[in-house]
There are 2 protein chains.
Amino acid sequence: MAADSDESESGSTDRLGLICRALRRAILERALRPGDKLPEDALGERFGVSRTIARYALGQLGSEGLVELRRNRIAVVATPSWEEARDLFDVRVSLERLVVKQLAGRLTREQIEELEAGIAEEREAQGGPESASIRLATEFHITLAEMTGSPILIRYVSEIGYRCGLTLSLFGRPHSSECAVNEHLEIVAALASGDADRACALMDHHLEAVASRALVSEAAKPRDIMDVLAPYVTDAAGPKKRRAGG
Amino acid sequence: MAADSDESESGSTDRLGLICRALRRAILERALRPGDKLPEDALGERFGVSRTIARYALGQLGSEGLVELRRNRIAVVATPSWEEARDLFDVRVSLERLVVKQLAGRLTREQIEELEAGIAEEREAQGGPESASIRLATEFHITLAEMTGSPILIRYVSEIGYRCGLTLSLFGRPHSSECAVNEHLEIVAALASGDADRACALMDHHLEAVASRALVSEAAKPRDIMDVLAPYVTDAAGPKKRRAGG
DNA sequence: GGCGCCAGACTTGCATGCACTTTTGCGACG
DNA sequence: CGTCGCAAAAGTGCATGCAAGTCTGGCGCC
């Protein structure tokens with residue numbers, strides 16, 4: 001698999017990679033929500049390691065944009081702004097277009113079955129919690145990227161996938177992911193038939209659909225608590241500004 | 001402004017970011033060459049910090065693909081394979097196309113002047129060492145990305161830029177970068193005139209040209225010493241295989 | 001009654017120490 | 001003479017300790 005000597009996190013007794021994966025998944029499934037604090041002590045204790053490792057893991061996640069790191073402050077789960085999310089989806093479209101272009105007509109029977117199995121799982125999870133749907137949908141895109149064998153595509157698509165998943169759980173309305181599942185299926189079919197253009201168009205449409213569901217409205221969820229409260233301060237306290245953003 | 005609270009490396013007394021930048025630049029300018037060892041001790045001593053910080057910096061660079069990290073082994077400057085380089089340039093084209101699309105017709109007078117000043121610097125450096133040319137050319141693309149204001153684009157274009165620069169210094173022939181400078185100028189002109197399609201086409205062409213100069217031949221520089229020796233072992237030692245790759 | 005300020009707890013920033021792994025040099029053996 | 005093996009040296013993996021910075025609750029002042 002492409003995950004062995006590839007990145008900084010992998011190995012035999014690799015507790016670092018373990019922690020990273022656990023945190024990523026927890027964030028994606030909304031067990032950890034934007035703004036939640038991630039103290040090094042607590043993390044380390046929870047995973048049975050020292051602060052050193054926890055800190056290192058937070059650094060990784062920070063560079064992936066999943067947690068926010070500020071000097072001398074407790075790390076928190078990232079709270080993407082609407083603009084960041086929009087940018088993310090833009091880049092995502094470009095990258096995943098590359099993925100389908102590379103993959104069209106080159107998937108083995110085995111790979112197609114793996115993808116379809118994943119989609120079946122998605123379908124099963126539809127009745128369950130939304131978090132599972134988001135995770136499985138994200139994994140579909142990552143699996144696709146992994147099949148290209150291009151480390152850089154794998155890395156970027158994974159990273160953006162997680163961040164988009166985070167965004168979805170932030171801004172998205174409780175969507176029925178039924179259509180998304182079907183879209184996944186259609187994409188695989190187009191890839192299997194070797195129709196690159198069609199696969200590309202389907203992927204574009206799919207991601208635009210996801211984005212439009214995710215970013216229903218710019219005002220859906222403002223970035224900052226102070227913004228949430230803005231409409232309420234017409235006659236309240238007034239011009240007292242304690243801190244810019246917290 | 002976009003560089004302050006953006007990533008994990010920034011701050012006031014930020015020695016970590018300092019080390020990262022220094023190492024990135026050293027690698028880009030070929031002061032550190034692929035395969036060079038980067039022991040934590042030596043790095044820390046050189047920069048006046050402890051191994052902890054050096055290690056952390058190496059982790060960052062590792063996740064950026066500039067250094068190779070293997071468990072219990074000394075970190076080394078990455079030696080990209082030809083295939084990785086090819087993938088890198090593919091992704092780069094997609095991303096920088098996004099950059100010019102966003103920028104076309106939206107550059108301020110000030111920004112255009114900044115870009116042209118950078119290009120002038122490139123022209124001046126043409127007589128000097130190749131490493132300076134590569135660095136300045138890379139910085140042009142990064143500056144462009146920064147002007148989009150999109151954190152994700154900035155990060156990815158920067159990272160890929162550095163890695164492509166590394167590749168260039170690995171595989172590239174001693175090219176006259178004259179045309180590249182002119183191409184940069186043309187791109188800025190197209191952006192300033194607001195002609196997105198033309199800017200896009202120019203950027204595509206430019207990057208393809210760079211890639212073709214960089215990846216002159218698949219056999220130019222194989223990844224592994226063992227591969228270099230492969231043609232010589234017809235009648236030499238024989239089937240003795242000490243290690244897969246070193 | 002509200003506001004500001006200060007001290008204690010809490011958390012991060014970072015260096016150092018120790019155990020474990022890899023590497024290397026050297027001597028013994030085939 | 002070439003090869004293997006072992007032991008010292010070098011380097012990483014990681015926990016812990018201490019200094020410095022940040023948050024919180026309570027007290028005094030206006």
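The chains referred to below are lettered A, B, ... by the order of the sequence lines, with proteins before strands, and numbering in each begins at 1.
Scored by the side-chain hydrogen bond (donor to acceptor under 3.5 Å, both in side chains) test, A:E139 finds A:R135 as partners (sequence neighbours excluded).
A salt bridge is defined here as a Lys NZ or Arg NE, NH1 or NH2 lying under 4.0 Å from an Asp or Glu carboxylate O, and A:R155 with A:E64 fails to meet this definition.
As a whole-Å value, the separation of B:Y56 OH from C:dA15 C1' is 16 Å.
In the model, B:E96 has no side-chain atom that pairs as donor or acceptor with a side-chain atom of B:Y156 under 3.5 Å.
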What pairs of nitrogen or oxygen atoms, one from the protein and one from nucleotides 9-12 of chain D, lie under 3.5 Å apart?
| residue | atom | partner | partner atom | Å |
| --- | --- | --- | --- | --- |
| D:dT12 | OP1 | B:E40 | N | 3.1 |
| D:dT12 | OP2 | B:E40 | N | 3.3 |
| D:dT12 | O3' | B:N72 | N | 3.3 |

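Where B:K37 and B:G48 each meet DNA chain C at their nearest nucleotide, the meeting point lying more 5' is that of B:G48.
For B:E113, the CD atom counts as densely surrounded, since its 6.0 Å shell holds more than 12 non-hydrogen atoms of other residues, nucleotides or ligands.
Ring orientation note: the planes of A:Y56 and B:Y56 are nearly perpendicular, at an angle over 60° on the 30°/60° scale.
Under 4.0 angstrom from either OP1 or OP2 of D:dA15 there lies at least one side-chain N or O belonging to A:S50.
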